[in-house]
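All residue numbers in this chain count up from 1 along the given sequence.
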Amino acid sequence: MTIRRIILFAVLSLSSVICQAQNFYESDTTTTDVTSRVGFSVDKPFGKGYSWVWEEEMRFKENSGTLDRIYSEISLYYRFNEYAKMGGGYNFMSIWHDGKKKSGYEKYWDLRHRAKIDLVGNYEYLQWKFTLRERGQVTVRTDDPNLLEKSNPEYILRSKFGVEYAFFNKPLKPYYEIEVCNTLNAPDYAGGNYINSIRNQVGLKWRLDRRNSLEFYYRFDIDTNKDVEIDYKKDKETIKAVYLTNEREYMHILGVAYKFDWR
């Protein structure tokens, strides 16, 4: 009798797993885009070791033919010494969407709020400068998503390493940066947290005078997103099927930024 119960329990468990597997569908997509970005920033030191930074950036997509998003950010930093500083900031994000099925394919602005905390360490040796930055950020959506599909708020850890070279008697500083971004609270159906972005950037900083400078850069992003879509039964509570799309996007980005050093 006990053996029969064990066998029956095993069959029911296996049936449950098979049923669940039949209701879970996974697919992969890969896209490539060439984009551009323009921006400016104002850096204003004050007090002893303090500074605030105002940044604006406009991003494009679809071979730079369509507006993607606009970022407006204000940050405050405190430098402990010549090797380390810490700060935080707020970013208002305006993202333009061409339209999705759930919105009736109507174009709309997706507004989000983002806060960040930065810890930055740097070390200079001769003409070289090495920088390591750890950033924790939280992004809050305003479109009230299904929390089984999208995290809200979304927590991300971004780790960036950079190296910069300063020429003797030249206002030019070439640099290279690499950044790795990790999700910290991906939806359960995404299968756990994952690396959602790897960014490689080479650029040139050109100081025009004591206060004005330009930056030109090329960046190659490998972005990964696990898009979860849930299909409900007529009662709108019972899950009928779960669709997971592993989205991979390769982005080639050309950018230019102006900086005003308000000293």
Stepwise, does the side-chain contact (heavy atoms from CB on, under 4.5 Å) test hold for Phe92 with Leu111?
CA-CA 8 Å; Phe92 180 69; Leu111 306 179; 4.0 Å; yes

Are [X] and [Y] close enough that their ring centers fall under 6.0 Å?
X: Tyr258; Y: Phe260; result: no
X: Trp54; Y: Phe40; result: yes
X: Tyr165; Y: Phe167; result: yes

Roughly how far, to the nearest 0.5 Å, is [atom2] of [Y] from [atom1] of [X]?
X: Ile239; Y: Ile230; atom1: CD1; atom2: CD1; result: 4.5 Å
X: Ser36; Y: Ile253; atom1: OG; atom2: CD1; result: 9.5 Å
X: Ile195; Y: Ile222; atom1: CD1; atom2: CD1; result: 10.5 Å
X: Met93; Y: Glu73; atom1: CE; atom2: CD; result: 10.0 Å
X: Trp262; Y: Ser41; atom1: CH2; atom2: OG; result: 13.5 Å
X: Thr245; Y: Lys226; atom1: OG1; atom2: NZ; result: 12.0 Å

For residues [X] and [Y], determine if any side-chain heavy atom of one lies less than 4.5 Å from a side-chain heavy atom of the other.
X: Phe130; Y: Leu132; result: no
X: Ser213; Y: Leu208; result: no
X: Tyr218; Y: Asn200; result: no
X: Thr139; Y: Ile156; result: no
X: Thr32; Y: His252; result: yes
X: Val228; Y: Val242; result: yes

Are [Y] and [X] co-members of a hydrophobic cluster defined by side-chain heavy atoms under 4.5 Å apart?
X: Phe220; Y: Val256; answer: yes
X: Tyr175; Y: Leu204; answer: no
X: Tyr250; Y: Phe60; answer: yes
X: Val38; Y: Val53; answer: no
X: Val180; Y: Tyr194; answer: no

Counting neighbours of [atom1] on [X] that are heavy atoms of other residues, nucleotides or ligands and sit closer than 6.0 Å, is the number greater than 12?
X: Asn169; atom1: CG; result: no
X: Trp109; atom1: CH2; result: yes
X: Ile117; atom1: CD1; result: no
X: Asp188; atom1: CG; result: no
X: Tyr125; atom1: OH; result: no
X: Asp144; atom1: CG; result: no
X: Lys173; atom1: NZ; result: no
X: Tyr176; atom1: OH; result: yes

When you compare the side chains of [X] and [Y], does any donor N or O come within less than 3.5 Å of an acceptor on the partner?
X: Tyr189; Y: Glu149; value: no
X: Glu247; Y: Thr29; value: no
X: Arg219; Y: Tyr217; value: no
X: Asn146; Y: Tyr232; value: yes
X: Tyr243; Y: Asp227; value: no

Glu249 vs Asp33, side-chain contact (heavy atoms from CB on, under 4.5 Å): CA-CA, chis, key distance, verdict:
CA-CA 8 Å; Glu249 183 176 23; Asp33 197 7; 3.9 Å; yes

Minimum-distance pair of heavy atoms, taken over all atoms of [X] and [Y]:
X: Lys150; Y: Pro145; answer: CB-CB, 3.8 Å
X: Asp235; Y: Thr238; answer: OD2-OG1, 2.7 Å
X: Leu244; Y: Ala190; answer: CD1-CA, 4.3 Å
X: Ser197; Y: Asp223; answer: OG-OD1, 2.8 Å
X: Pro45; Y: Arg263; answer: CG-NH1, 3.2 Å
X: Tyr77; Y: Asp118; answer: OH-OD2, 2.9 Å

Give me the one residue out of Asn185, Asn182, Thr183 that meets side chain to side chain donor-acceptor pair (under 3.5 Å) with Asn193.
Thr183

Over 60° means perpendicular and under 30° means parallel, so classify the ring planes of Phe46 and Tyr50, tilted if in between.
parallel

One pair to check against side-chain contact (heavy atoms from CB on, under 4.5 Å): Arg158 and Gln137. What are the steps and the verdict?
CA-CA 8 Å; Arg158 299 169 55 178; Gln137 71 179 36; 2.9 Å; yes

Name of the residue among Glu62, Met58, Arg37, Lys61 meeting side-chain contact (heavy atoms from CB on, under 4.5 Å) with Asp68:
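Only one of Glu62, Met58, Arg37, Lys61 forms a side-chain contact (heavy atoms from CB on, under 4.5 Å) with Asp68, namely Lys61.
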
Salt bridge check, Asp261 against Lys259: does any charged N sit closer than 4.0 Å to a carboxylate O?
no

Between Glu179 and Arg199, is there a side-chain N and carboxylate O pair less than 4.0 Å apart?
yes

Please walk me through it: do Leu254 and Phe216 pass side-chain contact (heavy atoms from CB on, under 4.5 Å)?
CA-CA 8 Å; Leu254 295 174; Phe216 304 92; over 6 Å; no

Between Asn122 and Thr131, does a side chain to side chain donor-acceptor pair (under 3.5 Å) hold up when you go through it step by step?
CA-CA 4 Å; Asn122 58 267; Thr131 304; 5.7 Å; no

Looking at Met251, is its backbone amide N or carbonyl O close enough to the side chain of Asp221 to form a donor-acceptor pair, meaning the two atoms are under 3.5 Å apart?
no

